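What follows is one structure encoded as structure tokens, with my remarks underneath.
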2 protein chains.
Amino acid sequence: MSEPLDNTFAALSDPTRRAILAMLLEDDMAVTDVAEPFEMSLAAISKHLTILTRAGLISQEKRGRVKWCKLEPDALKAASTWMQSFGQFEPVNLDAFEAFLNAEFGREAP
Amino acid sequence: MSEPLDNTFAALSDPTRRAILAMLLEDDMAVTDVAEPFEMSLAAISKHLTILTRAGLISQEKRGRVKWCKLEPDALKAASTWMQSFGQFEPVNLDAFEAFLNAEFGREAP
DNA sequence: TTTTTCGTCAACCGTTTGGTTAAGTGTTGT
DNA sequence: ACAACACTTAACCAAACGGTTGACGAAAAA
């Protein structure tokens, strides 16, 4: 019923999930460590991670009792392609991203 | 409460709204004409257009009794920047977009 | 072995979403 | 003046969302 692109964009529409993705950009993390900086329950974060997994934006691998979360950048390609088509086909540079990340973290990450 | 990026991604998460954007890529359109190809009420399309407007993805200008809808590609820039950062910074080309649009229309557009 | 840690699941709750139909507001054409 | 057209709004509905708490299973540590 719902297309991959639906799930990708829906997953990205939540600031908590975007913050999680930004965290995972730095390193793979365990669920508990992902949850630590947020002011919400572990169960809530677990749900967010399920949504991100369903959207293909991350993968989760269980080793022992710890479940490791890993960014999967490829899932963003289709969505990115769709968006760029409306965005005048400008190439993106890292500086713009860094500035954006700072802004995002300044407001959203605890 | 909700950030611009939230609204942008949420607006893009619905296939009807993405199809509307693709239609508007070709030309400005009146609300009734936007609604024509879809199997849902005019009121429903009107709501979708409100959501797209709130997200800044389109603008609506009333001339007489007709309300014209116009694509606003700039609103996608911030979101696009965010996404590209996770997508290995690959430049996007038009061929990929065309292929994607065809696939999208084949499945989603009535 | 017992206890703590890691994480999910189930049930619940209030809000939002995506759709419907019906009524209402302007604008245009006859 | 009146009818048709172009939309929007209101009220309603079922389903999904985003969060909670509490119970639970599996793995690790004591």
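Proteins come first, then strands; the chains are lettered A, B, ... in the order of their sequence lines, and each starts at number 1. Bear in mind that the values here come from a model prediction, so they are computed numbers and not experimental data. What's counted below: heavy atoms across the whole structure, side chains too, no hydrogens, waters or symmetry copies.
Counting to the nearest Å, the P atom of D:dG19 and the CZ atom of A:Phe38 are 10 Å from each other. A:Lys67 places its NZ atom 7 Å from the P atom of C:dC9, with the value rounded to the nearest Å. Computed from coordinates, the A:Asp6 CG to C:dT17 P distance equals 15 Å when rounded to whole Å. The nearest whole Å value for the distance from the CZ atom in A:Arg18 to the P atom in D:dG18 is 12 Å. For the pair B:Asp14 CG and C:dT17 C1', the computed distance is 9 Å after rounding to whole Å. What separates CG of B:Asp33 from P of D:dA6 is a distance of 8 Å, to the nearest Å. Distance CZ (B:Arg63) to P (C:dT28): 12 Å, rounded to an integer number of Å. In this structure, the CZ atom of A:Phe9 is 18 Å from the C1' atom of C:dT17, given to the nearest Å.
Using a 4.5 Å heavy-atom cutoff, the side chains of A:Gln60 and A:Lys62 are not in contact. Looking at A:Ile20 and A:Met29, their side chains never come closer than 4.5 Å, going by heavy atoms from C-beta outward. At a threshold of 4.5 Å between non-hydrogen side-chain atoms, the residues A:Arg18 and B:Phe9 count as touching.
Side-chain atoms of A:Thr53 come within 3.5 Å of backbone N or O of A:Leu49 as a donor-acceptor pair.
The two residues A:Asn7 and A:Ala55 come nearest to each other via the heavy atoms O-CB, 3.6 Å. When every heavy atom of A:Met23 is checked against every heavy atom of A:Asp33, the shortest pair comes out as CE-O, 4.2 Å.
When the nucleotides D:dG19, C:dC6, D:dC7 are ranked by their closest atom to the side chain of A:Thr32, C:dC6 comes out on top. Picking from C:dG7, C:dG29, D:dA27 the nucleotide with the shortest atom distance to the side chain of A:Arg65 gives D:dA27.
In this model, the phosphate group of C:dG18 is approached by a side-chain N or O of B:Arg17 to a distance below 4.0 Å at OP1 or OP2. Within the structure, a side-chain polar atom (N or O) of A:Gln60 is placed less than 4.0 Å from OP1 or OP2 of C:dT8. Remark: A:Ser41 is not in phosphate contact with D:dG19, judged by side-chain N or O atoms under 4.0 Å from OP1 or OP2.
A:Val31 and A:Met40 fall within the same hydrophobic cluster, where Ile, Leu, Val, Met, Phe, Trp and Tyr residues are linked whenever their side-chain heavy atoms come under 4.5 Å apart, directly or through other members.
Remark: A:Ala43, A:Ala44, A:Lys47, A:His48, A:Ile51 in residues 42-55 of chain A come within less than 4.0 Å of DNA chain D through at least one heavy atom.
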